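One structure, pasted below without further comment.
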Protein chains: 2
Amino acid sequence: MTDAPRLDRQVCFALYSASRAATALYRPLLDELGLTYPQYLVMLVLWEDEPRGVKELGGELGLDSGTLSPLLKRLESLGLVERRRSGEDERRVAIHLTPAGSALSSKAGGIPQRLAEAAGLSAEELDQLHSTLERLTSALHQSR
Amino acid sequence: MTDAPRLDRQVCFALYSASRAATALYRPLLDELGLTYPQYLVMLVLWEDEPRGVKELGGELGLDSGTLSPLLKRLESLGLVERRRSGEDERRVAIHLTPAGSALSSKAGGIPQRLAEAAGLSAEELDQLHSTLERLTSALHQSR
DNA sequence: CACAATTCAATTGTGCACAACTTATACACG
DNA sequence: CGTGTATAAGTTGTGCACAATTGAATTGTG
């Protein structure tokens with residue numbers, strides 16, 4: 001008999017579980033904003049700087065147009081975002097915040113705090129986790 | 001201007017990114033087995049002990065019947081699994097491995113190794129990451 | 001300038017994740 | 001015994017992820 005891999009040993013499963021648990025915790029908070037977690041991520045990027053092209057958003061988040069195009073349409077129909085074909089380059093679609101979209105950032109302010117409180121980890125542990133995850137992600141991307 | 005939360009500070013985004021990067025690395029390996037990552041997780045559980053009820057599988061993986069029912073049907077149509085109504089309790093559906101399903105475990109043996117190699121982290125770091133993630137997940141589940 | 005190669009966004013199709021609901025069976029309690 | 005309640009699995013509907021393809025606009029090169 002081969003030593004079949006065991007579920008409880010897998011870092012990958014631990015990542016998958018932790019990620020779903022974290023977004024599950026965000027869900028009720030984001031419900032108040034009317035956003036899903038991926039939509040919230042897009043808004044985070046736009047709150048930092050806008051307008052942005054679809055490709056640019058995808059670069060920040062690691063998502064492609066197949067995911068973003070319909071998501072952005074939903075944000076547009078929520079009135080948070082506007083999609084405008086760029087004049088200079090007609091291939092590009094620039095994503096602009098609407099006033100409502102900009103205004104939402106103030107309501108989103110307290111959200112990350114709550115995860116930190118629920119995490120049951122110290123600030124140092126969270127910091128270290130964060131930096132380990134970033135190194136892990138970039139290593140995984142490089143070995144493709 | 002409000003201090004909007006920043007993407008690059010969020011542990012949640014780091015988890016989400018790392019998780020997707022890890023499953024992306026698994027994908028070509030799992031393609032050889034004809035499995036998706038969640039299907040592979042279900043097989044892992046069954047390789048440890050079978051048969052299992054849908055509820056039981058869901059308990060191990062944190063998934064509900066809405067996710068598992070169609071997934072298990074796909075595993076059945078791949079010939080890896082059999083769904084049998086339990087005689088004692090007609091509500092239950094016991095998931096059995098077929099011979100092909102059992103045999104697949106030997107082909108799956110080397111897979112977790114590869115992630116470890118690609119991770120760019122030392123064994124200790126991986127261990128520590130694993131234990132931090134498990135503590136995090138359980139803390140997040142408790143604060144619901 | 002012509003036209004091949006590239007780039008950007010959108011579309012199509014498959015398969016999770018998850019909420020809400022449905023159906024069927026088992027169990028508990030008066 | 002009968003009826004209400006709980007439980008198991010499945011279904012429906014929405015919204016990601018992601019591969020593969022499409023169509024339109026731009027860029028590079030002869």
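It should be emphasised that the depicted structure is a prediction, and the values quoted were computed from it without experimental measurement. All chains are named by letter (A, B, ...) in the order of the sequence lines, taking the proteins before the strands, and each is independently numbered beginning at 1.
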Inset, instruction - Report yes if a side-chain nitrogen or oxygen of A:Arg92 is closer than 4.0 Å to either non-bridging phosphate oxygen (OP1 or OP2) of D:dA24; otherwise report no. - result: no
Inset, instruction - Find the distance A:Leu63:CG to D:dA19:C1' and express it as a whole number of Å. - result: 14 Å
Inset, instruction - Assign A:Glu56 to base, sugar-phosphate, or nothing according to its heavy-atom contacts below 4.0 angstrom with the strands shown. - result: nothing
Inset, instruction - Please name the pair of heavy atoms, one in A:Met43 and one in A:Gly101, separated by the smallest distance, quoted to 0.1 Å. - result: CE-O, 3.6 Å
Legend entry - Short side-chain N/O contact to C:dG15 OP1/OP2 from B:Gln39, under 4.0 Å: no
Legend entry - Closest to side chain of B:Arg91, choosing from C:dC8, C:dC16, C:dA24: C:dA24
Inset, instruction - Using a cut-off of strictly less than 4.0 Å, decide whether B:Ser69 has a side-chain nitrogen or oxygen near OP1 or OP2 of D:dA9. - result: no
Inset, instruction - Send over the distance from A:Leu25 CG to C:dC18 P, rounded to a whole Å. - result: 13 Å
Inset, instruction - Round to the nearest Å and state the distance from B:Lys73 atom NZ to D:dG10 atom P. - result: 7 Å
Inset, instruction - Could you check which nucleotide pairs with C:dA28 in any of the strands shown, counting Watson-Crick or G-U wobble with both distances under 3.5 Å? - result: D:dT3
Inset, instruction - Tell me which of A:Tyr37 and A:Ser65 sits closer to the 5' end of DNA chain D, going by the nucleotide each one is nearest to. - result: A:Tyr37
Legend entry - Nearest non-hydrogen partners of A:Pro112 and A:Tyr40, listed with the distance: CG-OH, 3.9 Å
Legend entry - Distance, rounded to the nearest Å, where A:Tyr16 contributes OH and C:dA17 contributes C1': 8 Å
Legend entry - OP1 or OP2 of C:dA9 under 4.0 Å from side-chain N/O of A:Arg83: no
Inset, instruction - Give B:Leu71 one of three labels, base, sugar-phosphate or nothing, depending on what nucleic acid heavy atoms sit under 4.0 Å from its own. - result: sugar-phosphate
Inset, instruction - With the side chain of A:Arg74 defined as its heavy atoms from C-beta on, choose the nearest nucleotide among D:dC16, D:dA25, C:dA26. - result: D:dC16
Inset, instruction - Give a yes or no answer on whether the side chain of B:Arg52 reaches the backbone of B:Ala94 with a donor-acceptor pair at less than 3.5 Å. - result: no
Legend entry - Nearest listed nucleotide, side chain of B:Arg27, among D:dA24, C:dA17, D:dA19: D:dA19
Legend entry - Residue whose closest nucleotide on DNA chain C lies nearer the 5' end, A:Ala21 versus A:Val93: A:Val93
Legend entry - d(CG, B:Leu61; P, D:dA9) in whole Å: 14 Å
Inset, instruction - Whole angstrom is fine here: how far is it from CG in A:Asp31 over to P in C:dC18? - result: 13 Å
Inset, instruction - Please figure out whether B:Pro70 or A:Gly87 has its closest DNA chain D nucleotide nearer the 5' end. - result: B:Pro70
Legend entry - Contact under 4.0 Å: B:Thr36 side-chain N or O vs C:dC16 OP1/OP2: yes
Inset, instruction - In whole angstrom, give the distance that lies between atom CZ of B:Arg85 and atom P of C:dT25. - result: 8 Å
Inset, instruction - Assign each of A:Arg20 and A:Leu72 to its nearest nucleotide of DNA chain C by heavy atoms, then name whichever residue's nucleotide is nearer the 5' end. - result: A:Leu72
Legend entry - Over all atoms of both residues, closest heavy-atom pair of B:Thr98 and B:Glu82: CG2-N, 4.2 Å
